[in-house]
**Q** 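This is the structure I want to talk about, given as structure tokens.
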Amino acid sequence: MTAVETPPIGTREIGRDRRRKEDARLITGRTRWTDNITLPGMLHLAMVRSPFAHARITSIDTGAAKDAVGVVDVVTAADLGESVGVCINAWPITPEQKAPTHPPIAVDRVCFAGEIVAVVVARSAAEARDAAELVEVEYDELPAALDLKEAAQDTVLAHPDLGTNKSAYWVFDSAQAGTGGDVEEAIAAARTDGVLIEREYRQQRLIPAFMEPRSVVVDPTGEQITMWSATQIPHILRFALAATTGVPESKIRVIAPDVGGGFGGKLQQTPEEMIVFALARRLGKPVKYTETRSESLMSGHHGRDQWQKLTLAATREGKVTGLKVELLADLGAYVALVGGGVPVLGAFMFNAIYKFPAYHFACQTVFTNKTWTDAYRGAGRPEATFAIERLMDELAAELGRDPLEVREQNWITHEEFPFTTVAGLEYDSGNYEAATARAKEMFGYDELRAEQRRRRESGDPVQLGIGISTFTEMCGLAPSRVLGSLDYGAGGWEHAQIRMLATGKVEVVTGASAHGQGHETAFSQIVADRLGVPFEDVEVLHGDTQIAPKGLDTYGSRSLVVGGEAVVRAADKVIEKARPIAAHLLEANVEDLEFKDGRFSVRGTDAGLGLTEVALATFAAHNLPDGVEPSLDAEATFDPVNFNFPHGTHLCAVEVDTETGQVKLRTYVACDDIGVVINPLIVSGQVHGGLVQGIAQALWEEAVYDESGTLVSGSFVDYLLPTAADTISFQIDHTTSPAKTNSLGAKGVGEAGTIASTPAVVNAIVDALRPFGVHDVQMPCTPERVWRALRQSEGEGAGAGGETVGGAMPHFDPSTGTQGTADRTTGADE
Ligand code: MCN
């Protein structure tokens, strides 16, 4: 890796490859996962779940289960009543949004296979699970809405009471918003004298899979009710518990101990958490529930699942003139915590790094009788990035030009920042030219193109494909005002507190709640750098609403740029509190003091005092200036004015065996610009992990349901989660255009690799197969799908689009809310 540019503050810690503080305990088995928690008298739960996608519950016989060994109780919705609360939807994207009540335990109807219908409480988890088998539930099966496009036509209703499967319709139009022109005009012009690329892409349903399944323990026996949960969001969860059960927030403590990954899948107020909370209160005893891997895959929320209908208009010279996006987004059976808003996050990213004069986005969210969907690494932004990066390749192919060149022709140049996009966002900084130049150099772009030509000419059965993704994303969620304008139910600020201890050690409390990202290390580096104290002397505390009472947790690659900046601001306040005390002790004027590398010194003299010495003097408080409080502790809450916009150029080479359909990754280069890097080692880990998840969408992962609504890919035998052995060694580097919205100059990185990599891989596969007439392969691009795309194109001649996809895309009229059926290739109403 090349060195990052000079960081804006300090030089001792920022940009330094520090090994993660948290790893010693994580890799030596010394951490305490939620499932390791054992409390006196603790009871265990097992869930009885519906095998049906949609059914009326006609009876539940708990008799045999209640008599089983070790069983304490068996409860249904009727037993728990209102005490169990409801799962809330914090992001109703329109005031008209339709949303059924989501009871944590089904009342009289189940709406997806895996929904909880009864709960067994026993002395041990094994006894609870055995007894769960004895609960007799009778169902009256109902027709299930399973196919997203059909569901959008209301042929079968997921919730008959709602009278429709359509939940919310959300539109952005640049002509109406005043951020650009009329997309229909651009399309009409391109139709007569230009290029029109019309495509439909499927974002398959994915399942967030983490090392530690969801687990929750609730102890109701103390002054407060304490919940330990493998969650990303202890603060939001505490709020949700209080708001939906009536228990005062002050009486609830939520602790997220070390959490073994989340990837958005633990950004949820889960039914299981609600049930454990209710039962612990009801029984007056500690209660634990840990899901099995099958339960995790079946009933933890899923991600993606969209149909995208896209129309890109351009001139014959390759200048894009407009983009129209029509989405169907599958909510599954309920509107999850932020699930309805996930496609809306994507709405701002379809224009990506490009200067499109006109843009229209419309999204219809739809209920089906499948597991609810919500955030999964990238949440809305990978879907948008995939679509536009695939389209730019298709445009280049249509024009017979190099896809990088067409991108360059349309992107925002580095001189044009800050740049207000057609979607209404202001990008503060970026340099697409620099990232692309570096990526090309690392990749050996020209050499690989030459090899591709040779293979094509020689008719090599193994063809080489080169895929490009020049992505950007919006992250650092925050800013509260903007989130409010999008009807998001909460803010996006973050809080930090710094406590200077008498011994010179520093405690940092953050409201961000890491679950694998390494905040303890990176935030220690920030504080060590700012306060000039040793890295080892900084301790970062988080993930416990008692210890860190204020916070909005970790998601949306926000922790560093929002939470880290709050830490910087708290550190600055510590220095300002220490300054008059230091001046007093040094018998100097405050104005004559300068603070550098952890030391106050009197300008022009040798006199000076370390910050830690000031901390000790403040603790003793024997000799403080009049009216100064004996404490250096400080806190700050930071709410940025804007998102931040990491970007990068990812280049991927694949070898595709045209006889078997097998795809082999050959080279993957990622040059990301995430502004100033705090810890390059952590950032590399984030990029590597992110890449694997994005590549997995392209090649392997898919949640598959059968025609009855049963999840077929319900174990890791069928859900192809990759391991390190399935991937290659990635080549990564960074360019740096510092963010303007935080003093660190940093941009988020937690989702970048995932967002960028999926289109890079699919573009590479299609690039390899283009001479065979293939212009699309549906994800995941399994050998069978690749093989079928090739065979189909042989049958149909050049121009075939690979696998035939679904039915016609329903077309929604924004002005009336009515729908017709649009032909997916022409866009004309049937
Ligand atoms: N960082 C840095 N320099 C930068 C940017 C970030 O050193 N310029 C460091 C940060 O200090 C932090 C890490 O990189 O240690 C990620 O920072 P950030 O981009 O702020 O992301 P968050 O900490 O907010 O993490 C959320 C993000 C998301 S949205 C998902 S999904 C995801 C991800 O992080 N889930 C993860 N990475 C994950 N990593 C692990 N191990 N497990 C998950 O569940």
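This is a predicted model, so every value here is computed, not measured. In this chain, residues are counted from 1 in sequence order. Counting starts at 1 for both ligands and their atoms, following the listed order. What you see below is based on every heavy atom in this structure, not just the backbone, and it leaves out hydrogens, waters and symmetry mates.
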**Q** Please report whether ligand 1 has a polar contact with V561, defined as an N or O pair separated by less than 3.5 Å (distance criterion only).
**A** no
**Q** Which is it for H650 and Y668 under the ring pair (Phe, Tyr, Trp, His ring centres under 6.0 Å) test, yes or no, and what are the steps along the way?
**A** CA-CA 7 Å; H650 288 216; Y668 196 104; 5.6 Å; yes
**Q** With a cutoff of 4.0 Å, is G675 in contact with ligand 1, counting heavy atoms of the residue only?
**A** no
**Q** Should you measure from each heavy atom of G518, which atoms of ligand 1 turn up under 4.0 Å away?
**A** 15 (O)
**Q** For ligand 1, which part of R377 has a heavy atom less than 4.0 Å away: the side chain, the backbone, both, or neither?
**A** both
**Q** Could you please spell out the steps behind the side chain to side chain donor-acceptor pair (under 3.5 Å) verdict for Q204 and R304?
**A** CA-CA 6 Å; Q204 79 268 33; R304 313 278 193 268; over 6 Å; no
**Q** Using the ring centroid of each side chain, check whether F417 and F645 are separated by less than 6.0 Å.
**A** no
**Q** In terms of residue, atom name and distance, what is the protein heavy atom nearest to atom 26 (C) of ligand 1?
**A** Q517 NE2, 3.4 Å
**Q** Once you round to the nearest 0.5 Å, how far does CD1 of I236 lie from CG of L267?
**A** 6.5 Å
**Q** For the aromatic rings, using the six-membered ring if either is Trp, is the centroid distance between Y201 and F386 under 6.0 Å?
**A** yes
**Q** Before signing off on this row, confirm whether T554 and ligand 1 have an N or O atom pair separated by under 3.5 Å.
**A** no
**Q** If only side-chain N and O atoms count, and only distance matters, is there a donor-acceptor pair under 3.5 Å linking E389 with S469?
**A** no
**Q** For the pair S559 (side chain) and T554 (backbone), establish whether a donor and an acceptor sit closer than 3.5 Å, ignoring hydrogens and angles.
**A** no
**Q** I need the nearest protein heavy-atom contact for atom 11 (O) of ligand 1: residue, atom name and distance, please.
**A** A522 CB, 2.9 Å
**Q** Measuring from atom 7 (O) of ligand 1, which candidate in N679, I674, T736 has the nearest non-hydrogen atom?
**A** N679
**Q** Please list all pairs passing the ring-ring contact (aromatic ring centres under 6.0 Å, His included) test where one or both residues lie in residues 669-700, with sequence neighbours left out.
**A** H688-F730
**Q** Could you please spell out the steps behind the ring pair (Phe, Tyr, Trp, His ring centres under 6.0 Å) verdict for H302 and Y376?
**A** CA-CA 7 Å; H302 294 174; Y376 174 51; 10.0 Å; no
**Q** Nearest protein heavy atom to atom 44 (O) of ligand 1, by residue and atom, and its distance?
**A** G262 N, 2.6 Å
**Q** I'd like to know if the side chain of R32 and the backbone of I37 have a donor-acceptor N/O pair within less than 3.5 Å.
**A** no
**Q** Note the single closest protein heavy atom to atom 28 (C) of ligand 1, along with its residue, its atom name and the distance in Å.
**A** E751 CG, 3.9 Å
**Q** Which part of F263 is near ligand 1, with near meaning a heavy atom under 4.0 Å away: side chain, backbone, both or neither?
**A** both
**Q** Which atoms of ligand 1 sit under 4.0 Å from any heavy atom of H515?
**A** 42 (N), 43 (C), 44 (O)
**Q** For atom 22 (P) of ligand 1, find the nearest protein heavy atom and state the residue, atom name and distance (0.1 Å precision).
**A** S559 OG, 3.5 Å
**Q** Using a 6.0 Å distance limit plus a 45 degree cone around the ring axis, check whether K21 lies over the aromatic ring of F535.
**A** yes
**Q** Which bit of V683 gets closer than 4.0 Å to ligand 1, counting heavy atoms only: side chain, backbone, both or neither?
**A** side chain
**Q** Say whether I682, considering both its backbone and side-chain N or O atoms, lies within less than 3.5 Å of an N or O atom on ligand 1.
**A** no
**Q** Checking the N or O distance criterion of under 3.5 Å, is ligand 1 in contact with K747?
**A** yes
**Q** Side chain, backbone, both or neither: which part of Q686 has a heavy atom under 4.0 Å from ligand 1?
**A** side chain
**Q** Considering non-hydrogen atoms of the protein only, which is the closest contact for atom 17 (O) of ligand 1, and what is the distance?
**A** V749 CG1, 4.3 Å
**Q** If we only count N/O pairs under 3.5 Å, is G516 in contact with ligand 1?
**A** yes
**Q** Give me the residue, atom name and distance of the protein heavy atom closest to atom 10 (C) of ligand 1.
**A** L560 CB, 4.0 Å
**Q** Check whether more than 12 heavy atoms from other residues, nucleotides or ligands sit under 6.0 Å from atom CZ of R293, and answer yes or no.
**A** yes
**Q** Given E520 and R20, is the salt bridge (Lys or Arg N to Asp or Glu O under 4.0 Å) satisfied, shown in steps?
**A** CA-CA 8 Å; E520 289 168 37; R20 301 198 324 175; over 6 Å; no
**Q** If we check side-chain hydrogen bond (donor to acceptor under 3.5 Å, both in side chains) with E291, which of these qualifies: S296, S299, S215?
**A** S296
**Q** For ligand 1 and G264, I'd like to know whether there is a polar contact (N/O to N/O, distance under 3.5 Å).
**A** no
**Q** Taking R558 for its side chain and L477 for its backbone only, find out whether a donor-acceptor pair lies under 3.5 Å.
**A** yes
**Q** Check if G556 has a non-hydrogen atom at a distance under 4.0 Å from any atom of ligand 1.
**A** yes
**Q** Just heavy atoms, cut-off under 4.0 Å: does I678 contact ligand 1 by side chain, backbone, both, or neither?
**A** both
**Q** Show which atoms of ligand 1 fall inside a sub-4.0 Å distance from at least one heavy-atom site of V676.
**A** 4 (C), 8 (N)
**Q** With heavy atoms of A746 as the reference, note each atom of ligand 1 found under 4.0 Å away.
**A** 8 (N)
**Q** Provide, to 0.1 Å, the distance between atom 23 (O) of ligand 1 and the closest protein heavy atom, together with that atom's residue and name.
**A** H519 NE2, 2.6 Å
**Q** Is it the case that ligand 1 has an N or O less than 3.5 angstrom from some N or O of F523?
**A** no
**Q** From the options V217, L237, I255, V276, select the one residue that forms a side chain to side chain contact (heavy atoms under 4.5 Å, CB included) with M227.
**A** L237
**Q** Between T754 and ligand 1, which part of the residue brings a heavy atom under 4.0 Å of the ligand: side chain, backbone, both or neither?
**A** neither
**Q** Output all residues satisfying side chain to side chain donor-acceptor pair (under 3.5 Å) with D305, sequence neighbours left out; order by chain, then residue number.
**A** R202, R205
**Q** Out of all atoms in ligand 1, which are within 4.0 Å of some heavy atom of G748? Include the element for each.
**A** 19 (O)
